Amino acid sequence: MSKPSVSVFFPCYNDEKTIGPLVRGANKILDKTGAKYEVIVIDDGSTDNSRGELSKLRREIKNLRLIFHRQNMGYGGALKSGFKSSKHDLIFYTDGDGQYDIGELELLIPLMTDDIDVVNGIKMFRNDPWYRTLIGNLYNFTVRNLFNIDIFDTDCDFRLIRKKFVSNIDLKSNSGAICVELVKKLQLNGARFREVSVH
């Protein structure tokens, strides 16, 4: 059985210090799998030197594609560009600010078995102040119950998804609310989820 091809993308907004290690880390992991892959960065109108860093990376990494938004389109807008641009069987995305360990992508890929359509991270350990952790937990509890969502952490943007499921949904939000919209629409479309703890 052939290995599934993988698209990895990062929404980037003023992430000049973190985007390089993320792209290099993803490229290294995907290269080891032996699968066909691509790495995409969607720069959402950065005003720092993110674009300069990305231009250097493009000369270094042959499988890197860059998408530049002329103006900031919001987190949802960046995700929609990423999903639309991804061309392979599986799509992985995470934030360009480096809050998640890209090395754990290596753990997600084997979990995408024939009976799973989305591998969703659970951020178990947060370096936030206690009140932000509390607010985050309350938010997830509210969202799960209000929208009847079956997964624990709707706000963890460390996801591996089958492209065919993303292609069948129409995402509207341009804000961070796209996370809830994405999970709910995947669920309504029959996607089967698996969750895994990430750092």
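What you see below is based on every heavy atom in this structure, not just the backbone, and it leaves out hydrogens, waters and symmetry mates. Predicted model, so just to flag it, every value in this text is computed and none were measured.
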Ionic contact status for Asp157 with Arg159, cut-off 4.0 Å: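 Salt bridge between Arg159 and Asp157, a charged N being under 4.0 Å from a carboxylate O: yes.
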
Short N-O contact, Arg24 and Glu60, less than 4.0 angstrom: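 Looking at Arg24 and Glu60, the cut-off is met.
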
Test side-chain contact (heavy atoms from CB on, under 4.5 Å) applied to Met112 and Ile161, step by step: CA-CA 8 Å; Met112 185 64 87; Ile161 310 169; 5.6 Å; no

Side chains of Val23 and Phe10 in contact at under 4.5 Å (non-hydrogen atoms):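 When only atoms from C-beta onward are counted, Phe10 and Val23 do touch, with a gap below 4.5 Å.
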
NZ/Lys36: more than 12 non-hydrogen atoms of other groups inside 6.0 Å: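 Not buried by this count: 12 neighbours or fewer within 6.0 Å.
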
Over 12 non-hydrogen atoms of neighbours within 6.0 angstrom of CZ in Arg192: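 Yes.
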
Exam field: side chain [X] to backbone [Y], donor-acceptor pair closer than 3.5 Å:
X: Thr33; Y: Leu30; result: yes
X: Asn189; Y: Ala191; result: no
X: Ser5; Y: His88; result: no
X: Arg65; Y: Ser85; result: yes
X: Ser173; Y: Gly76; result: no
X: Asp44; Y: Met73; result: yes
X: Asp43; Y: Ser46; result: yes
X: Asp101; Y: Gly103; result: yes

Ring centres under 6.0 angstrom apart (Tyr93, Phe83):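 So the answer is yes for these two rings.
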
Derivation and outcome, side-chain contact (heavy atoms from CB on, under 4.5 Å), residues Leu182 and Ile169: CA-CA 8 Å; Leu182 171 65; Ile169 61 177; 3.8 Å; yes

ILVMFWY network linking Tyr13 to Leu64, side-chain heavy atoms under 4.5 angstrom: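 No, Tyr13 and Leu64 fall in different hydrophobic clusters.
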
No-hydrogen, no-angle side-chain donor-acceptor test under 3.5 Å, [X] and [Y]:
X: Glu38; Y: Ser7; answer: yes
X: Tyr37; Y: Asn27; answer: yes
X: Asn168; Y: Lys185; answer: no

Verdict with reasoning, Cys156 to Ile122, per side-chain contact (heavy atoms from CB on, under 4.5 Å): CA-CA 6 Å; Cys156 182; Ile122 303 175; 5.9 Å; no

